[in-house]
Colleague: 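Handing you this structure, nothing more for now.
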2 protein chains.
Amino acid sequence: MQSMESRGSNNTETVTSRLRELIMDGTLPQGEKVTETGLAALLQVSRTPVRLALAALEQEDLVRGAPNRGFHVRRFTIDDMRDILDVRATLEGMAARLAAEKGLTGDEEAQLRSCIEDLGALIATGHHDQPAFRAFSAINIRFHTHIARIAGNAELIRLMERNPFRSAPLLHILPAEEGLQVLRESQRDHIRLLEAILQGQGTRAEFLMREHALLPLSKATQLFDHINTNTAMRSNQKAG
Amino acid sequence: MQSMESRGSNNTETVTSRLRELIMDGTLPQGEKVTETGLAALLQVSRTPVRLALAALEQEDLVRGAPNRGFHVRRFTIDDMRDILDVRATLEGMAARLAAEKGLTGDEEAQLRSCIEDLGALIATGHHDQPAFRAFSAINIRFHTHIARIAGNAELIRLMERNPFRSAPLLHILPAEEGLQVLRESQRDHIRLLEAILQGQGTRAEFLMREHALLPLSKATQLFDHINTNTAMRSNQKAG
DNA sequence: ACAGAGAAGATTGCATGCAATCAATGGAAA
DNA sequence: TTTCCATTGATTGCATGCAATCTTCTCTGT
């Protein structure tokens with residue numbers, strides 16, 4: 001799984017990745033005002049790479065800036081998350097449809113099957129802890145990335161890689177039992193998807209994928225609450 | 001039609017816009033190597049805003065950079081254009097479907113109707129010259145932007161605004177008579193689209209819009225040739 | 001006490017210097 | 001003649017200084 005960044009290992013890229021993580025995991029609370037100077041001090045670099053990183057994150061819409069007044073971390077409302085997931089579902093659906101219409105090579109089919117096998121093995125262990133969910137996330141990303149590549153539309157891949165919620169099904173915030181249930185549902189979806197793609201059923205694949213991609217939506221409210229309480233917690237920590 | 005840029009009127013934004021224009025209209029030929037220093041000299045600014053602008057355009061995938069080796073203008077192959085237009089058609093289709101499912105307020109309907117009226121008036125003049133095509137482009141953008149706003153999905157709007165070919169149907173490269181034909185076809189599509197949306201026919205609206213958005217695809221080959229000859233021309237000019 | 005103006009502090013936006021890295025060219029050896 | 005290496009030239013990547021702008025706090029006047 002190669003990184004989204006095309007450039008080498010310079011400071012700007014590491015700062016960008018680091019900031020993205022800090023935002024997505026809630027270390028930088030939503031709405032937090034961030035300054036070039038502050039982040040530069042925090043990350044031990046000069047303002048220049050921070051400046052470039054903030055510009056990049058602004059294009060990803062993770063931070064928002066006002067002229068001469070710096071940046072603040074984007075607030076994700078429940079509506080924002082619904083919008084983002086809706087778009088993601090549409091794009092993933094398009095990828096599934098294209099893949100089905102194009103047909104699979106033997107190698108491509110094998111790769112998808114291996115994802116399904118791996119997830120099956122993971123579920124069979126019965127584990128439902130944080131490491132298991134991280135493993136699931138990796139497998140899930142592999143599956144979806146493969147389909148996008150099979151679809152063969154470079155622009156589509158580009159947009160999907162830039163989707164704010166591309167990486168994580170965010171299982172770690174769910175009660176463990178419910179998380180395991182998500183794994184099982186995902187597995188069922190993946191199997192049906194592969195079936196549809198193998199049979200060249202483009203429309204079926206598209207809508208199966210849409211539903212599959214919307215699976216996290218029902219959990220969005222919980223995620224929303226989680227982030228907010230998390231944010232409040234950290235704010236209090238700082239205040240105290 | 002407000003600009004995509006959220007920031008105020010600083011140098012970086014103007015440089016970004018200017019560079020985007022230079023690339024899209026072929027002044028900077030495809031594959032051209034561009035350097036911070038060179039562009040800074042060309043645009044009479046320091047390297048800093050140029051650097052930020054290039055970073056932004058790299059995210060838009062209009063330029064591509066190699067570590068420590070500068071940037072070059074992206075080459076659009078015919079496949080690239082098909083990919084981009086395919087994605088655009090899917091997103092526009094999604095917007096149309098959402099708009100239809102949501103329903104129109106009286107004001108929203110009036111705005112769409114005014115676009116149709118304006119385009120009708122433009123066609124009635126029978127003009128098929130550059131100014132007419134620019135006027136069409138403006139009306140067309142208005143129509144599509146309205147539908148995206150009606151759909152009400154912020155993420156969708158964001159992605160559509162960033163699509164490389166969002167702005168122009170690129171009519172100016174077509175023979176005038178054929179250009180006028182495009183105007184008529186567009187008008188017909190717009191009318192049917194409004195009808196479908198008004199009647200709440202989401203699926204119909206979606207697929208009407210997809211077809212409509214793919215209309216430029218049949219012209220892509222011509223566009224491709226145009227850009228290439230244009231590029232070759234300018235290269236020769238420089239060489240001579 | 002409250003409102004408004006002015007000054008001070010903070011922060012961005014831009015320019016430029018310097019070092020690190022990469023490509024290119026030229027020369028020497030086989 | 002060809003290949004390999006080293007040196008040179010060019011270009012990015014980063015740090016930092018300075019001016020412009022915005023915010024905020026304070027002081028004055030009503």
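Every chain is numbered from 1, with letters handed out A, B, ... down the list of sequences. When reading the values below, keep in mind they use all heavy atoms of this one structure, side chains included, and skip hydrogens, waters and symmetry mates.
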Colleague: Do the rings of A:His144 and A:His190 sit parallel, tilted or perpendicular, given the 30° and 60° boundaries?
Modeller: perpendicular
Colleague: For C:dC14, take OP1 and OP2 only and decide whether either is under 4.0 Å from a side-chain N or O of B:Thr48.
Modeller: no
Colleague: Please report, rounded to the nearest Å, how far the P atom of D:dT12 is from the CD atom of A:Glu13.
Modeller: 16 Å
Colleague: Tell me: CD of B:Glu58 to C1' of D:dT12, nearest whole Å?
Modeller: 13 Å
Colleague: Which of the following nucleotides, D:dA15, C:dA15, C:dC14, is nearest to the side chain of B:Ser46?
Modeller: C:dA15
Colleague: Starting at atom CD of A:Gln44, determine the distance to atom P of D:dT16, rounded to an integer number of angstrom.
Modeller: 12 Å
Colleague: Rounding to an integer number of Å, can you tell me how far B:Leu54 CG sits from D:dG13 C1'?
Modeller: 13 Å
Colleague: Rounded to the nearest 0.5 Å, what separation is found between the CD atom of A:Glu155 and the OG1 atom of B:Thr90?
Modeller: 11.0 Å
Colleague: Once you round it to whole Å, what is the distance between C1' of D:dC22 and CZ of A:Phe71?
Modeller: 15 Å
Colleague: What is the distance, to the nearest angstrom, from the CG atom on A:Leu39 to the P atom on C:dT11?
Modeller: 12 Å
Colleague: Strictly below 4.0 Å: does B:Thr35 bring a side-chain N or O up to OP1 or OP2 of D:dA10?
Modeller: no
Colleague: Let me know, please, whether B:Arg47 or B:Leu52 comes out on the 5' side of the other along DNA chain C by nearest nucleotide.
Modeller: B:Leu52
Colleague: Would one find a side-chain N or O of A:Arg51 under 4.0 angstrom from OP1 or OP2 of C:dG13?
Modeller: yes
Colleague: Could you check how far CG of B:Asn11 sits from C1' of C:dT16, rounded to whole Å?
Modeller: 15 Å
Colleague: Choosing from D:dA15, D:dT12, C:dG13, which nucleotide comes nearest the side chain of A:Glu36?
Modeller: C:dG13
Colleague: CD of B:Gln30 to CG of B:Asp80: how many Å apart, nearest 0.5 Å?
Modeller: 9.0 Å
Colleague: Can you tell which of C:dC14, D:dT16, D:dT11 lies closest to the side chain of B:Thr37?
Modeller: D:dT11
Colleague: If I take atom CG from residue A:Leu28 and atom CZ from residue A:Phe71, how far apart are they, to the nearest 0.5 angstrom?
Modeller: 13.5 Å
Colleague: Check whether A:Ser137 reaches the backbone of A:Phe133 with its side chain - one donor and one acceptor, N or O, closer than 3.5 Å.
Modeller: no
Colleague: So, is B:Arg69 close to the C:dA23 phosphate, meaning a side-chain N or O under 4.0 Å from OP1 or OP2?
Modeller: yes
